[in-house]
Protein chains: 2
Amino acid sequence: MDFERADALNGAIRTIALKHRARAAAKLAELGLHPGHEAVLLLLSAKGPQTQRQLAAGADCEPPSITLMVRKLEAGGLVSRVPAARDARANVVRLTDEGREAVVRVKELWRDLADETVAGLAGTSVDQLIEALTDLARSLQGQAPGAGAS
Amino acid sequence: MDFERADALNGAIRTIALKHRARAAAKLAELGLHPGHEAVLLLLSAKGPQTQRQLAAGADCEPPSITLMVRKLEAGGLVSRVPAARDARANVVRLTDEGREAVVRVKELWRDLADETVAGLAGTSVDQLIEALTDLARSLQGQAPGAGAS
DNA sequence: CAGTGATCGTTATGCGCATAACGTTATGCC
DNA sequence: GGCATAACGTTATGCGCATAACGATCACTG
């Protein structure tokens, strides 16, 4: 790939990441949340109570990030942490009733964000975009860190 | 858009942003750089010496971020800051000779990163991907923060 | 049963990025 | 010229995310 195409690709990813995150942050702020929190809440909503390790894996981030996010969500009353029954090292995180209400709003917000995100597309259909993005995301997710050109 | 598609879209963007950034960070670390620095260096390389304000606009970030990045790049000897001739408030940032050498390596790195990024694609062509991403990036860049669904 | 290694979670630290508040300089209007 | 307003850059602060180092617990082996 020549430099111009590479730069277009990398630069577009950078721009998309920044702007999308900024928009998400603006919307989440109305609920007192920050970017990343929605991933935890939606995961808990989709897959039920789970340990912080599982949350880290599901949210594509590292355990220390989960520690802080869960602490904030707990302080906000959206989530509760109880020691795991069979493993004294682990905590099981679950949604509170208040958390379940918040999830409803987060889901609406999440749909609004997606609508806004695709609102300005010029020549790309939403289906094309989603397919391309999910393909890329899956590719990056599974890839070993040393793959590709060296 | 239903929630599942919205979540696929938003989640894919989040994953792509995280993984792409992590890969970029790993590569840039070999040059003693951090994510974001490459954007500044490539901008200076492409558009010549410019003020920090212009860098902020070109790199899609805010002036305080530029202050710190430029400071680090200057400490690393890749960049020099001189007071602007016609405006005592502004600094003009330019590449040093060492910075120009670094740009060469950053460009190679940037191409490698792009190659790795598309290496695992399943059903999407590189051209489709780049077109979709640049379309989306341009859309997000120009959009007013309040547009779309409310 | 004792000891070794892996695993869960936390703390410490560092960077990118953001917003808010501030000092300094430039520019517009009168 | 004098003054209000805007613009450039910096500092302060806060969050997400990362890695590295640590204590506590589990699981596996001799």
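The model shown is predicted, which means the values in this text are computed figures rather than measured ones. To find a chain, count down the sequence lines: A is the first, B the second, and so on, and within it residues start at 1.
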**Q** Expressed as a whole number of angstroms, how long is the span from B/Arg23:CZ to D/dT19:C1'?
**A** 18 Å
**Q** Applying salt bridge (Lys or Arg N to Asp or Glu O under 4.0 Å), run through B/Arg5 and A/Asp127 and close with a yes or a no.
**A** CA-CA 9 Å; B/Arg5 285 188 92 62; A/Asp127 285 348; 2.6 Å; yes
**Q** From CZ of A/Arg21 over to P of C/dT19, roughly how many Å is that when rounded to an integer?
**A** 12 Å
**Q** Could you check how far CG of A/Leu18 sits from C1' of C/dT19, rounded to whole Å?
**A**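 My rounded result for the distance is 15 Å.
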**Q** Just the rounded figure in Å: distance from C1' of D/dC15 to CZ of B/Arg14.
**A** 13 Å
**Q** Take B/Ala88 and B/His34, find for each the nucleotide of DNA chain C with the closest heavy atom, and name the residue whose nucleotide sits nearer the 5' end.
**A** B/His34
**Q** Quick check on A/Gln54: does its CD atom have over 12 non-hydrogen neighbours (other residues, nucleotides or ligands) under 6.0 Å away?
**A**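 Count over threshold, so yes.
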**Q** Is A/Arg94 atom CZ crowded by more than 12 heavy atoms from other residues, nucleotides or ligands, each under 6.0 Å away?
**A**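 Check fails, neighbour count at 12 or below.
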**Q** Considering only NZ, NE, NH1 and NH2 on the basic side and carboxylate oxygens on the acidic side, decide whether A/Arg105 and A/Glu30 come within less than 4.0 Å.
**A**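 Looking at A/Arg105 and A/Glu30, the cut-off is not met.
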**Q** Should A/His37 be listed as having a side-chain N or O under 4.0 Å from OP1 or OP2 of D/dC15?
**A** no
**Q** Using whole Å, report how far CZ of B/Arg86 lies from P of C/dT24.
**A** 24 Å
**Q** Under a single-linkage definition using a 4.5 Å side-chain heavy-atom cutoff for Ile, Leu, Val, Met, Phe, Trp and Tyr, are A/Leu18 and B/Leu133 assigned to the same hydrophobic cluster?
**A**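 No, no single cluster joins them.
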**Q** Take atom CD in A/Glu131; do more than 12 heavy atoms of anything else shown fall under 6.0 Å from it?
**A**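 12 or below, so no.
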**Q** Scan nucleotides 6-13 of chain C nucleotide by nucleotide, 5' to 3', and note B when protein non-hydrogen atoms come under 4.0 Å of the base, S if they reach only the sugar-phosphate, - if neither.
**A** BBSSBB--
